[in-house]
Number of protein chains: 2
Amino acid sequence: MDTNEVTIHHIAEILGINSSTVSRALNNSPRVTQKTKDKVLKKATELGYQRNHLASNLRKSKTFTLGVIVPRISRHFFASAIAGIEETAFKAGYNVIICQSLESLEREQSIINTLLANRVDGVLISISMETKNYDHLKGLKQRSIPFVFFDRHCNISGNSKVVIDDFDAAFKATEHLIKKKSTEIAHFSGPQNLEIYKNRFLGYKAALEKYSVPFREELVITSSLMEHDGAENVKKMLALPYKVDGLFCANDVVAIGAIQYLKSVHVKIPEDIAIVGFSNETTSSVIEPALTTINQSGLEIGNVATSLLLQKISNESKKNSNETIIVKTNLIERKSSLRKV
Amino acid sequence: MDTNEVTIHHIAEILGINSSTVSRALNNSPRVTQKTKDKVLKKATELGYQRNHLASNLRKSKTFTLGVIVPRISRHFFASAIAGIEETAFKAGYNVIICQSLESLEREQSIINTLLANRVDGVLISISMETKNYDHLKGLKQRSIPFVFFDRHCNISGNSKVVIDDFDAAFKATEHLIKKKSTEIAHFSGPQNLEIYKNRFLGYKAALEKYSVPFREELVITSSLMEHDGAENVKKMLALPYKVDGLFCANDVVAIGAIQYLKSVHVKIPEDIAIVGFSNETTSSVIEPALTTINQSGLEIGNVATSLLLQKISNESKKNSNETIIVKTNLIERKSSLRKV
DNA sequence: CTGTTAGCGCGTTCAG
DNA sequence: CTGAACGCGCTAACAG
């Protein structure tokens, strides 16, 4: 019943040499004649030999595998981040195990155990919204498995992370609205225990301050990150005793819901209200016709985070570094061509 | 420099018993006293023991890992399919290696080799558009590694696949348009070497025939699957000497481009033109306000495909079965609430 | 119920 | 330059 796997022993036997030599030849060791190398290689391809990474990895105690933990694969930002991760990892000969925490701390813990059991060489992690203590990360530290946060990170120092410059992005966004003559600028925010939403909020506030636009607590509407929150937020916003003429939306999904609801109640965008929001490839189709967006490239963050992690893996001295790489964003103002909607 | 990994030998030594007993205890074998089990388990957690799956897998020659090959992770349909795959796999204690072919046959081949080297227990694959010969799949067959196609499949018989009922979906879509009194129904199609687009085309044609609506070759506009193709297609369509009043769009991305362009030239949807198109969670935000959609659940397909694969893996007799599971779709007609856009 | 022995397939000593 | 022997960590088979 077992599949007839070809091993180095088989090809050694056929060639009348020792399996060690075969191993060395296959690894292109300088201590083997080119002649035997050729012989071995030929036989190997002939028999359809395929190195057993399991055994090899066990021996070398290295797996060439990275663990990736994201809240949810189907959120486009994470999907494109994974694409970036996979791209960089693949080029360096690494595989990737993708796991979703589904925003649950418990699952996050169990995933980390799985990754440990699989002896991954490193971990990339974007923490769940629920996660507020980081005990489960100690397991990684103990085994000195390097890990890098991306996008969502924790505020404990001594860790490497790759994040977008949320403060700066939010500042620019709000500044943009102010320059467009908005005076009552609402801010749809996300869970404040997540650094990114906190920083976006702070950037918003800082811009208001700089331009002496009064900050109003009520104009900051926080919600979880569901599309229907967009509509809910708009309802709350319209019920306020201010004529809101600008909106900075800290989350793309919420922005979609908000824009659709605004349109449904006949608010004109951008005439009645100017909006700036975060976006990404897919949601941009919805958001962009209506507003200026902040481009948030998952692909780039994935790439950067992975090469940082690979550095830590290969460079022993960098193992305990705690860099923070900040990926800058830029505002993309809509061209008028599609605004005729 | 090596991390001090705790092995079953360590804990065996400390407890003064044999490592096999520890192994059995950890595997909850019935052939070990509850007492020793408790002892072992306690010591294990105390020392922070973590089973080395590599060694275990090597011994058992089973990896509890599935390979997944998709054209592109960041396409939402595949992202949600992966979510479904991961979900079902995780529940059954399986890990998943995600790979992207990026629509390249060459990469597809190389990926399969990697998966073979990693000794995956099974493979889920959605073939690239470029793939027209299937020699690289022979490697899987040779090693009798079960595999299941999903969504995009090849037309070679003797394989298991999970697909949506494209013919039926297209038929229903076209029928819906006909019942809405459309008489000149255009069809935006995709590459005809892919079964799904062929079947969608055939379903469209069959519906026209059934209701004796004349079929016009020119109304079928085929393109690759880029968003800008949507606009291009619309331009071609509007240049035709027919007053098109219905459109069946076989691809969501193209649909987005088409709708946006139609709106930009002041065509009213659905008054001037009724549209039915395939959609998924994300694009639905864009498409749904405008048209009736065919729900295409990546999650469900992922789930179904994975459980089929797991069956083949565990059930020796099912290994060489060649089932085709057809996941039905349903039309979702827009409620009017959001149509006020 | 537990211990002993023997590998899974490979890479790395140490000899020659 | 090559061969022999050992062990990575775990589990299956066979004893007792």
Side-chain angles (χ1 to χ4, degrees), chain A residues 1-41 43-44 47-65 114 116-121 143, chain B residues 1-41 43-44 47-65 93 116-121 143:
Chain A
M1 67 145 268
D2 230 20
T3 59
N4 38 340
E5 304 272 11
V6 183
T7 75
I8 51 172
H9 299 291
H10 296 144
I11 105 158
E13 199 176 5
I14 294 178
L15 259 43
I17 57 176
N18 193 280
S19 55
S20 320
T21 312
V22 177
S23 171
R24 282 193 275 258
L26 257 23
N27 287 313
N28 200 22
S29 157
R31 311 189 324 170
V32 178
T33 333
Q34 189 58 44
K35 214 167 149 186
T36 46
K37 270 185 198 173
D38 291 343
K39 229 176 23 177
V40 169
L41 224 64
K43 209 46 159 186
L47 299 178
Y49 168 79
Q50 200 91 32
R51 172 196 258 106
N52 186 331
H53 279 186
L54 251 69
S56 170
N57 292 339
L58 174 61
R59 186 62 240 249
K60 297 196 286 194
S61 63
K62 181 153 174 39
T63 55
F64 293 98
T65 301
T114 307
L116 285 175
N118 279 293
R119 298 297 191 269
V120 292
D121 294 336
R143 286 193 171 57
Chain B
M1 68 145 266
D2 231 18
T3 59
N4 36 341
E5 304 272 11
V6 183
T7 75
I8 50 171
H9 298 293
H10 296 143
I11 105 157
E13 198 176 4
I14 294 177
L15 259 42
I17 57 176
N18 192 281
S19 56
S20 311
T21 311
V22 176
S23 171
R24 283 193 277 257
L26 258 23
N27 286 312
N28 200 20
S29 157
R31 312 189 324 171
V32 179
T33 333
Q34 189 58 44
K35 216 168 150 185
T36 46
K37 271 186 198 171
D38 292 341
K39 232 178 17 181
V40 169
L41 223 66
K43 209 51 166 183
L47 299 179
Y49 169 80
Q50 201 90 34
R51 168 195 264 112
N52 187 331
H53 279 186
L54 250 66
S56 170
N57 291 340
L58 173 60
R59 186 59 238 248
K60 296 197 284 195
S61 63
K62 180 155 175 40
T63 55
F64 293 98
T65 301
L116 285 175
N118 280 292
R119 299 296 191 270
V120 293
D121 294 337
R143 286 194 171 57

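Not one side-chain nitrogen or oxygen of B:Ser23 sits closer than 4.0 Å to the OP1 or OP2 atom of D:dC10. For the pair B:Arg51 and D:dT11, the criterion of a side-chain N or O lying under 4.0 Å from OP1 or OP2 is met. Side-chain N/O atoms of B:Ser61 include none lying less than 4.0 angstrom from OP1 or OP2 on C:dC8. Between B:Thr36 and C:dT2 there is a side-chain N or O to OP1 or OP2 distance below 4.0 Å. When the side-chain nitrogen and oxygen atoms of B:Tyr49 are compared with OP1 and OP2 of D:dC10, one or more of them lie within a distance under 4.0 Å. Phosphate contact (OP1/OP2 of D:dT11, side-chain N/O of B:Ser56, threshold under 4.0 Å): present. Regarding contacts with the backbone of D:dT11, every side-chain N or O of B:Ser20 stays at 4.0 angstrom or more from both OP1 and OP2. Phosphate contact (OP1/OP2 of C:dG11, side-chain N/O of A:Asn27, threshold under 4.0 Å): present.
Each of C:dC10, C:dT2, D:dT2 was ranked by its minimum atom distance to the side chain of B:Thr33; first place goes to C:dT2. With D:dC10, D:dC1, D:dA12 as the choices, the nucleotide that has an atom nearest any side-chain atom of B:Asn52 turns out to be D:dC10.
Under the 4.5 Å side-chain criterion, counting only non-hydrogen atoms from C-beta, A:Thr36 is not in contact with A:Ile17. At least one side-chain heavy atom of B:Leu47 sits under 4.5 Å from a side-chain heavy atom of B:Ile11. Using a 4.5 Å cut-off on side-chain heavy atoms (C-beta onward), B:Asn52 and B:Glu5 make no contact.
A straight line from CG of A:Leu54 to P of C:dG11 spans 12 Å, rounded to a whole angstrom. Distance, B:Asn57 CG to C:dC10 P: 15 Å, rounded to whole Å. The interatomic distance linking A:Asn18 (CG) with C:dT13 (P) rounds to 16 Å, in whole Å. To the nearest angstrom, P of C:dC10 lies 21 Å from CZ of A:Arg119. One interatomic measurement links the two molecules: CZ of A:Arg143 to P of D:dG9, which rounds to 12 Å at whole-angstrom precision. Separating the CG atom of B:Leu58 from the C1' atom of C:dG11 is a distance of 13 Å, rounded to the nearest angstrom. Spacing between atom NE2 of A:His9 and atom P of D:dA5 amounts to 14 Å, rounded to whole angstrom units. Rounded to an integer number of Å, the gap from NZ of A:Lys39 to P of D:dC1 is 14 Å.
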For A:Arg119 and A:Asn57: C-alpha separation, side-chain torsions, deciding distance, then whether side-chain contact (heavy atoms from CB on, under 4.5 Å) applies. CA-CA 9 Å; A:Arg119 298 297 191 269; A:Asn57 292 339; over 6 Å; no
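Taking for each of A:Thr7 and A:Arg31 the nucleotide of DNA chain C with the nearest heavy atom, the 5'-most of the two is the partner of A:Thr7. Toward the 5' end of DNA chain D, the nearer of the two residues A:Arg24 and B:Ala55, judged by each one's closest nucleotide, is A:Arg24.
The distance from atom CG of A:Leu54 to atom NZ of B:Lys60, rounded to the nearest 0.5 Å, is 11.5 Å.
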